[in-house]
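Keep in mind it's a predicted model, so treat the numbers as computed, not measured.
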Amino acid sequence: MTIGLLSTMAAVFYGGTVSILALTATFARRRTLRREARSTLAVLVPRRAVQSQQGAE
């Protein structure tokens, strides 16, 4: 039960952090704050490699 509770708490904390960063990256008034939030999101949320559209042209 302890491991499940810790896992749940970690998941809620991670989800909350990512949500706040996503909102900040979208709606912050200052450009530097949006940029910092986006760079932090890039570290926390790994994305798959996406091929560039320029190579397809």
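- In terms of modelled atom types and a separation under 3.5 Å, the side chain of Y14 and the main chain of M9 share no donor-acceptor contact.
- For CD1 of I3, the number of neighbouring non-hydrogen atoms (other residues, nucleotides, ligands) closer than 6.0 Å is 12 at most.
- The minimum heavy-atom distance linking A25 with L41 is given by the pair CB-CD1, 4.2 Å.
- Note: R38 CZ to L21 CG = 12.0 Å, rounded to the nearest 0.5 Å.
- Here the options are T24, L23, V18, the test is side-chain contact (heavy atoms from CB on, under 4.5 Å), and the partner is I20; only T24 passes.
- Scanning both residues, R34 and R29, for their nearest heavy atoms gives NH1-O, 3.3 Å.
- Of the inter-residue distances, the one linking E36 atom CD with R31 atom CZ reads 14.0 Å to the nearest 0.5 angstrom.
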